[in-house]
Amino acid sequence: MMRRLPVTLFASLLAVMSPFALASCGEEATPPPKVPTVPAGPAATAPVQAPYGMNDMPSSARPYDLPAQTAAPAMNARAAAFYQGGLQAFATGDLVNARAQFGQATQADPRAHQAFYSLGVVQERLRDAGAGASYRQAFTIVPDYEPAIIAYAMLLARKNQLGEAERLLNEKRGQMPKSAAVAATLAEVKSLQRDTGSAQRIAQEALKINPDYRPAMVIIARDHYRNRRLDLALYALQAILDGFEPVSENPPRDRDNAEALLLRGLIYREQGQRAAALEEFRRAVTRRPDLVEARVQLATYLLEAGNAQEALPLLEGAVRFDSEHLAAHLNLGDAYRLLERYADAKREFDWVLARDPNLAQVHYDLGLLYLFAPAVPGMTPKQQVAEAIKSLTRFQELRNKGQRDDSEELLNRAKLKEGELNAAAAAAQPAAPPAAAPDGGVADAATDT
């Protein structure tokens with residue numbers, strides 16, 4: 001059974017990731033979303049264990065630095081019930097139902113700022129244009145509500161509106177000078193703007209506000225990574241994940257930080273440390289099952305090793321948490337192909353092709369599917385081999401010209417198979433019967449005798 005090119009996928013993945021995804025090594029806002037909470041109050045229902053993937057933490061400032069604040073409005077009981085349902089749906093990757101439940105929570109209580117924020121998180125994952133409005137409504141209700149401010153700023157960054165994101169964060173920083181979260185997010189935006197000096201300085205300022213604010217530590221490491229200072233990135237990640245000897249005096253700051261694990265896995269992969277990278281990706285997925293990039297990276301390794309069975313649930317979960325993730329669909333198609341689920345594989349490849357017809361890897365994968373599948377539903381063997389030749393030829397046109405691959409060998413096999421099919425078709429044609437003598441000729445011969 002043929003497998004995909006191990007180097008090509010990672011290059012393709014980097015090519016199709018958005019600037020924000022590359023910046024965060026994930027698909028979410030910075031700091032990494034964790035869990036929403038249902039506010040306490042006499043009208044609220046008892047909170048359930050909230051899932052990963054959202055962040056409704058209190059202020060990132062140290063408690064003794066917080067100014068006196070008016071209590072945020074408590075969610076009413078009816079809205080809280082919908083909100084709990086949304087949390088449970090989100091935890092299973094049922095984002096459509098989660099969106100509906102959070103939307104009903106906002107209708108039941110138009111002052112439920114947490115519900116507007118959580119609605120925005122799900123809308124953003126579903127590429128719903130209403131995400132920005134939901135985030136804005138959350139911090140309109142509670143002006144210093146950090147999760148929504150951060151999420152909206154990073155949504156702007158994802159849309160490449162970095163100037164707007166910076167303006168918002170500077171405005172909020174003036175209003176919230178003790179917020180480590182706002183400062184750290186501004187550092188992330190400055191890093192995206194390639195202003196590494198400002199990024200490092202502002203991230204350090206966030207840590208002065210709150211020395212235990214872990215997302216700021218990850219942002220420092222990420223900025224080093226983005227600017228190819230890999231040794232410094234690994235040093236920062238060691239402080240977060242492992243600590244330094246003696247560990248009793250220098251313990252890890254956040255041993256299970258999923259985004260730090262993902263980032264270190266990417267660096268290890270880049271350095272050719274496959275086993276170490278694999279372990280980091282596994283730990284990241286265990287800690288944050290909603291972290292799609294970690295799922296895709298782990299599944300990539302598994303596919304390269306031919307382990308499609310283990311890769312499959314990772315990828316099916318990835319597309320539940322981000323239905324528009326190109327690399328997740330591409331990998332999922334390859335997993336289906338290796339598991340001989342050819343109709344499912346073709347559906348995933350066609351989905352990718354419709355969104356990016358110039359992605360070389362999808363043409364290579366389609367070439368493998370058409371060439372080696374015993375039968376693709378709705379296609380004859382002759383149609384399959386013709387499509388294999390077409391797909392592999394297109395791959396060669398789009399690939400990195402300095403890249404070594406086996407596409408020429410595959411093309412030769414496809415052309416040989418096409419010749420065999422044509423020869424078999426010709427041999428199957430019945431022999432033409434001998435031409436019969438005209439009737440007149442037979443009569444004349446009889447007369448002559």
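Residues take their numbers from the sequence shown, with the count starting at 1. Just so you know, these numbers come straight off a predicted model, no measurement behind them.
Counting heavy atoms from C-beta on, the side chains of His224 and Tyr235 never come closer than 4.5 Å. Inter-residue side-chain proximity for Arg399 and Ser407 is flagged as met; some heavy-atom pair is nearer than 4.5 Å. Considering only heavy atoms from C-beta on, Arg173 comes within 4.5 Å of Ile202 through its side chain. Within the 4.5 Å cutoff, side-chain heavy atoms of Thr196 are placed close to those of Arg229. Put simply, the side chain of Glu340 reaches to within 4.5 Å of the side chain of Tyr342, judged on heavy atoms.
Contact check on Glu324 versus Arg355 returns a salt bridge, with a Lys/Arg side-chain nitrogen under 4.0 Å from an Asp/Glu carboxylate oxygen. Between Glu171 and Arg167 there is a salt bridge, since at least one side-chain N of the basic residue sits less than 4.0 Å from a carboxylate O of the acidic one. The pair Asp144-Lys172 does not count as a salt bridge, with every side-chain nitrogen at least 4.0 angstrom from each carboxylate oxygen. Between Asp212 and Arg253 there is a salt bridge, since a side-chain N of the basic residue sits under 4.0 Å from a carboxylate O of the acidic one.
Every pair passing salt bridge (charged side-chain N to carboxylate O under 4.0 Å, His left out) that includes a residue from residues 96-106 is listed here, sequence neighbours excluded: Arg99-Asp128.
Residues Arg136 and Tyr152 bring a donor and an acceptor atom of their side chains to less than 3.5 Å of each other. Checking Thr300 against Arg269 by side-chain atom types alone, no donor-acceptor pair falls below 3.5 Å. Side-chain N/O atoms of Gln101 and Gln84 include no donor and acceptor closer than 3.5 Å.
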